[in-house]
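Notes to accompany the following structure.
Predicted model only: the values in this text are computed from it and were never measured. Protein chains get the first letters and strands the later ones, always in sequence-line order, with residue 1 at the start of each.
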Protein chains: 2
Amino acid sequence: MAKAKQAQKWQRDPEGMRLRILEAAKQEFSAHGLAGARVDRIAAKAGANKRMLYYHVGNKDELYLAVLEGAYDKIRSEERGLDLEHLDPPEAIRRLIEFTWNYFLRNPEFLSLLQTENLARAKHLKKSTKVKSMHSPFVEMIRTVVRRGVDSGDFQVAVDPVQLYISIAGLCFFYLSNSATLSVIFGRDLLDKKAKDERLAHMVGLVLAALTGQSVALIEIAKAPKSRAAVAQTV
Amino acid sequence: MAKAKQAQKWQRDPEGMRLRILEAAKQEFSAHGLAGARVDRIAAKAGANKRMLYYHVGNKDELYLAVLEGAYDKIRSEERGLDLEHLDPPEAIRRLIEFTWNYFLRNPEFLSLLQTENLARAKHLKKSTKVKSMHSPFVEMIRTVVRRGVDSGDFQVAVDPVQLYISIAGLCFFYLSNSATLSVIFGRDLLDKKAKDERLAHMVGLVLAALTGQSVALIEIAKAPKSRAAVAQTV
DNA sequence: GGAGAAATTAACCCGTTGGATAAATACTGT
DNA sequence: ACAGTATTTATCCAACGGGTTAATTTCTCC
């Protein structure tokens with residue numbers, strides 16, 4: 001048995017163990033939801049023992065909350081790196097949409113976790129002390145962009161930054177988190193490369209057109225020849 | 001015990017029983033998800049016996065699928081009554097948004113069910129033969145509206161009806177289905193009357209502005225008199 | 001009014017699951 | 001090298017949950 005050798009690899013490594021547990025838990029919770037998640041599977045996936053979860057993190061609920069907090073922590077910290085301040089307003093909005101879209105694409109477990117937590121009506125999140133304090137300065141970042149856009153004349157109207165953010169997140173989130181049922185309903189694969197490119201173009205066009213009033217590059221549906229066209233068309 | 005009397009009320013009523021079971025199951029599944037739902041609770045809520053579920057519908061999965069199909073059936077049939085054909089395009093879009101928004105508000109279990117099913121990557125829905133055939137002529141309805149809008153000059157650009165529908169649904173869906181976590185994050189109650197009114201106005205403004213290019217009535221944040229600032233300002 | 005089918009109930013079965021107990025093993029400082 | 005602590009493992013179990021078996025009641029139609 002190579003067991004001995006393997007075991008050696010991470011014997012007595014509390015930090016690493018905790019991380020592996022959280023990672024495995026993230027996978028499990030996002031794949032099966034809170035009730036569907038199996039503690040033993042998490043343990044197995046983490047190369048650990050069930051008892052370890054309780055030792056290092058706590059019971060199932062605490063484990064779940066830890067995963068959730070970690071997920072929020074991650075996106076908030078990436079958001080902080082966006083520095084929309086130095087872009088001209090329309091470009092800043094475009095970048096915000098692209099970031100959100102790509103983040104959701106890169107982190108599908110994040111979407112699942114949010115869905116799971118919302119099905120529970122945020123019961124667990126409400127208990128979190130950490131998350132509340134994260135209240136990212138993100139909203140202010142957006143508010144500033146909007147204000148600058150209005151001042152410069154790029155935007156025709158001042159939008160509530162929270163509404164705008166929810167709209168952008170919603171456009172991205174719904175498409176991705178519901179792609180499974182939508183694909184069945186509409187009979188198209190919404191996750192192939194072409195479809196995703198089109199979606200991004202559509203969203204950027206929609207939001208920018210609404211803000212600037214220029215339907216330039218609005219919605220690209222005027223499909224071109226064979227290429228993914230998807231491009232817009234100035235009207 | 002009034003038990004005897006009560007029991008009399010719906011003794012031997014297969015149709016009614018099936019309906020009560022499905023209704024109870026809808027509640028349970030939307031409240032707890034598939035894995036979290038408890039067959040016994042459904043039975044109790046339906047005023048039935050656990051065995052009855054298996055007798056009338058089948059096992060837990062079949063029950064779940066039946067609920068899901070019922071939910072889709074309901075929204076599709078209501079959608080058919082929209083007759084957007086007789087409205088001028090911008091008005092038709094406004095009505096579509098309002099319908100979607102109100103339907104989601106009136107049927108929160110529908111949102112939960114969709115979330116649940118998407119967490120399962122539509123595993124069950126794919127097995128449904130019924131749902132696929134429902135592929136509502138809804139998309140065509142929207143396509144027609146868009147085409148008319150372009151022809152009349154109301155809309156500046158032709159949008160893919162599926163993208164448009166997903167955008168509208170997404171704007172409504174995300175706000176409502178994620179209101180629990182969003183409320184925590186942003187520290188506002190997103191479900192009070194005022195917030196909901198603002199949201200509807202925002203969405204209508206956003207979509208219509210994008211389509212027509214008229215930012216008129218874009219984002220209505222130009223709230224009235226005494227209400228708490230946060231208001232917009234037409235620029 | 002009674003035979004047979006349909007509907008309903010009560011009781012049980014048995015694998016699973018979250019969690020707990022206690023023992024073993026590795027590491028630390030002295 | 002040894003006492004004490006931190007980490008890990010091997011088992012156990014009581015509760016629960018989905019599903020089944022078999023008996024009971026109610027209806028229907030003759």
Discussion item. Quick test of your reading: applying salt bridge (charged side-chain N to carboxylate O under 4.0 Å, His left out), list the pairs with at least one residue in residues 120-130 of chain B, sequence neighbours left out, ordered by first then second residue.
Written reply: B/E69-B/K130
Worksheet item: CZ of B/R18 versus P of C/dT8: gap in Å, rounded?
Response: 13 Å
Practice prompt. Report the nucleotide, chosen from C/dT8, C/dG19, D/dT8, that has the shortest atom-to-atom distance to any side-chain atom of A/N59.
Written response: C/dG19
Fill in: Atom pair distance, as rounded to whole Å: OH in A/Y55 and P in C/dA22
17 Å
Response to the item:
salt bridge (charged side-chain N to carboxylate O under 4.0 Å, His left out) filter on A/K60, not counting sequence neighbours, yields none
Discussion item. Nearest whole Å is fine: how far is C/dA20 P from A/L53 CG?
Written reply: 12 Å
Discussion item. What is the distance, to the nearest angstrom, from the OH atom on A/Y54 to the P atom on C/dA22?
Written reply: 18 Å
Discussion item. Using whole Å, what does the distance between atom C1' of nucleotide D/dG17 and atom CD of B/E28 come to?
Written reply: 12 Å
Worksheet entry | Whole-Å distance separating the NZ atom of B/K60 from the P atom of D/dC16 | 16 Å
Discussion item. It should be established whether B/H56 places a side-chain nitrogen or oxygen under 4.0 Å from OP1 or OP2 of nucleotide C/dA6.
Written reply: no
Discussion item. Checking B/A122 now: which residues fulfil side-chain contact (heavy atoms from CB on, under 4.5 Å) with it, not counting sequence neighbours?
Written reply: A/A180, A/T181, A/V184, B/E117, B/L125
Pairs under 3.5 angstrom, nitrogen or oxygen only, protein versus nucleotides 11-15 of chain C, please.
none

Response to the item:
Across all chains, not counting sequence neighbours, the side-chain hydrogen bond (donor to acceptor under 3.5 Å, both in side chains) partners of A/R143 are A/E140
Worksheet item: Quick one, which residues of residues 29-44 of chain B touch DNA chain D with a heavy atom under 4.0 Å?
Response: B/A37, B/R38, B/V39, B/D40
Worksheet, complete the sentence: With sequence neighbours left out, the residues meeting salt bridge (charged side-chain N to carboxylate O under 4.0 Å, His left out) with B/E98 are none
Worksheet item: Under 30°, 30 to 60°, or over 60°: which ring-plane class applies to A/F174 and B/F173, parallel, tilted or perpendicular?
Response: tilted
Worksheet entry | By side-chain hydrogen bond (donor to acceptor under 3.5 Å, both in side chains) - contacts of A/Y54 (at least two apart) | none
Discussion item. Below 30° counts as parallel, above 60° as perpendicular, anything between as tilted: where do the rings of A/F104 and A/F110 land?
Written reply: tilted
Worksheet item: Just how far, in rounded Å, is P of C/dT9 from CE of B/M52?
Response: 5 Å
Worksheet item: Rounded to whole angstroms, how far apart are CG on B/D61 and P on D/dG17?
Response: 17 Å
Discussion item. According to side-chain contact (heavy atoms from CB on, under 4.5 Å), who are the partners of B/R41, at least two apart in sequence or on a separate chain?
Written reply: B/E28, B/H32, B/R38
